[in-house]
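What you see below is based on every heavy atom in this structure, not just the backbone, and it leaves out hydrogens, waters and symmetry mates. We number each residue from 1, following the sequence as shown. Indexing begins at 1, ligand by ligand and atom by atom, following the structure's order.
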Amino acid sequence: VAEPITLPHKGAIPVGNGTTNGNANGKISNEGTKWESFAFEPIRESQVARAMYRRYFKDLDTYAESDIVIVGAGSCGLSTAYTLAKARPDLKIAIIEAGVAPGGGAWLGGQLFSAMVMRKPADKFLSDLGVPFEDEGAYVVVKHAALFTSTLLSRVLAFPNVKLFNATAVEDLITRRDDGSPGGLRVAGVVTNWTLVSMHHDDQSCMDPSTINAPVIISTTGHDGPFGAFSAKRLVSMQALDKLGGMRGLDMNTAEDAIVKGTREIVPGLICGGMELSEVDGANRMGPTFGAMAMSGVKAAEEALRVFEQ
Ligand code: AHZ
């Protein structure tokens, strides 16, 4: 557990474990620190490499069989992960995010503005997370979208049953034949690759992917774009969905309710939430109001948990 240190301006920040060069009790104070003799504990480079390798490969091994895979770590995917991990610490939840930086489009409120708007009742999600907001009656405002996203990320990553594999793209879906389902299949996992590898299939050969098996996949890859609407598009190309609905124009009132209500299992084994759903159902977009992303995440989590309660 980190110890507090005393700063010149009387603040206290945690540092080290009491063995730093500052002084014996782990406190570095303006008076007590001899900066000319300051030195970190020694390390060999291979220790750093192995500290990373060992954990990453253990995680790959552990999560090769997951209970739930969430595709996309935007506002919807992260809200889903938070709700699931909090409700069921016994489930193994893998999040696969194509970008190096998780968070999707939720680092700004809209255009390039900072504040993030959420319509009620999504304020309850913020209160549960511990994100402060200004109450404007029908809606609330978080002073910076990054405060919402960074808090949500930190809460999600702190759960011991969640692993985020970022810079990793879902390239395909694992499917099994299921004659009882409308599309004749069920989704049984995801096919993954490093995103930088995925981006070079056109100019390098033989870069086969890897896999994660899971009984429940939750796809929250956003609306159509270079990476977006991944599962919806793939399900159409394998004829498990008839066609893309095609996201409609912006209508905040219509869009947010439709996305939350529509969050569901779209083919056996695959739940779709967030703006990806607009490409399945032809729902309107809502623009810069984020309450539906949080509430769609809560509903996606509830749909998923039903599978484990049976
Ligand atoms: O990188 C993508 C982003 O972080 C990730 N992603 C997409 N395809 C992927 C793949 N493998 C792994 N094949 C993938 N990751 O999915 C994340 C989607 O986040 P997002 O913020 O784009 O979607 P969201 O549905 O969580 O939030 C939508 C926010 C929007 S868009 C919108 C409008 O356009 O009107 N309004 C709101 C509130």
Side-chain angles (χ1 to χ4, degrees), residues 69-82 94-111 113 115-119 122 139 142 145-146 148-149 152-153 156 164-173 189-199 201 209-210 212 217-235 237 246-260 262-263 270-281 283-300:
V69 174
I70 298 169
V71 189
S75 46
C76 182
L78 290 172
S79 301
T80 309
Y82 173 75
I95 309 174
I96 312 296
E97 167 53 52
V100 172
W107 291 106
L108 289 165
Q111 199 153 327
F113 301 117
M116 173 182 264
V117 172
M118 285 209 188
R119 292 162 65 203
Y139 64 95
V142 180
F148 166 72
T149 300
L152 181 56
L153 249 182
V156 165
L164 168 68
F165 295 98
N166 47 335
T168 306
V170 169
E171 285 192 340
D172 206 347
L173 301 170
V190 292
V191 178
T192 60
N193 218 327
W194 313 120
T195 304
L196 292 175
V197 174
S198 287
M199 291 165 75
H201 285 309
S210 193
I212 299 180
I217 309 301
I218 305 176
S219 194
T220 61
T221 66
H223 57 66
D224 202 2
F227 272 113
F230 172 80
S231 301
K233 289 191 283 193
R234 185 68 183 105
L235 289 168
S237 70
M247 182 177 73
R248 305 295 202 269
L250 193 154
D251 179 348
M252 288 185 185
N253 285 304
T254 308
E256 290 213 279
D257 295 354
I259 293 293
V260 176
T263 299
L270 190 132
I271 294 163
C272 188
M275 279 309 282
E276 180 168 359
L277 202 55
S278 71
E279 304 289 357
V280 177
D281 292 341
N284 291 92
R285 70 193 301 186
M286 71 287 295
T289 54
F290 284 80
M293 297 304 109
M295 298 314 294
S296 173
V298 173
K299 182 146 191 282

Asker: To the nearest 0.5 Å, how far apart are CD1 in I271 and CD in E276?
Answerer: 12.5 Å
Asker: Who's touching ligand 1 if we go heavy atoms under 4.0 Å?
Answerer: V71, G72, G74, S75, C76, I96, E97, A98, G104, G105, T168, A169, V170, T220, T221, G222, H223, F227, F230, G274, M275, R285, M286, G287, T289, F290, M293
Asker: State whether the side chain of S237 and the backbone N or O of R234 hold a donor-acceptor pair below 3.5 Å, judged by distance alone.
Answerer: yes
Asker: Treating T263 as the side-chain partner and K299 as the backbone partner, does any N or O pair qualify as donor plus acceptor under 3.5 Å?
Answerer: no
Asker: Among all residues two or more places apart in sequence or in another chain, which pass the salt bridge (Lys or Arg N to Asp or Glu O under 4.0 Å) test with R285?
Answerer: none
Asker: Please answer whether the main-chain N or O of G228 pairs with a side-chain N or O of K233 as donor and acceptor at a distance below 3.5 Å.
Answerer: yes
Asker: Rounded to the nearest 0.5 Å, how far apart are CG of L270 and CD1 of I217?
Answerer: 7.0 Å
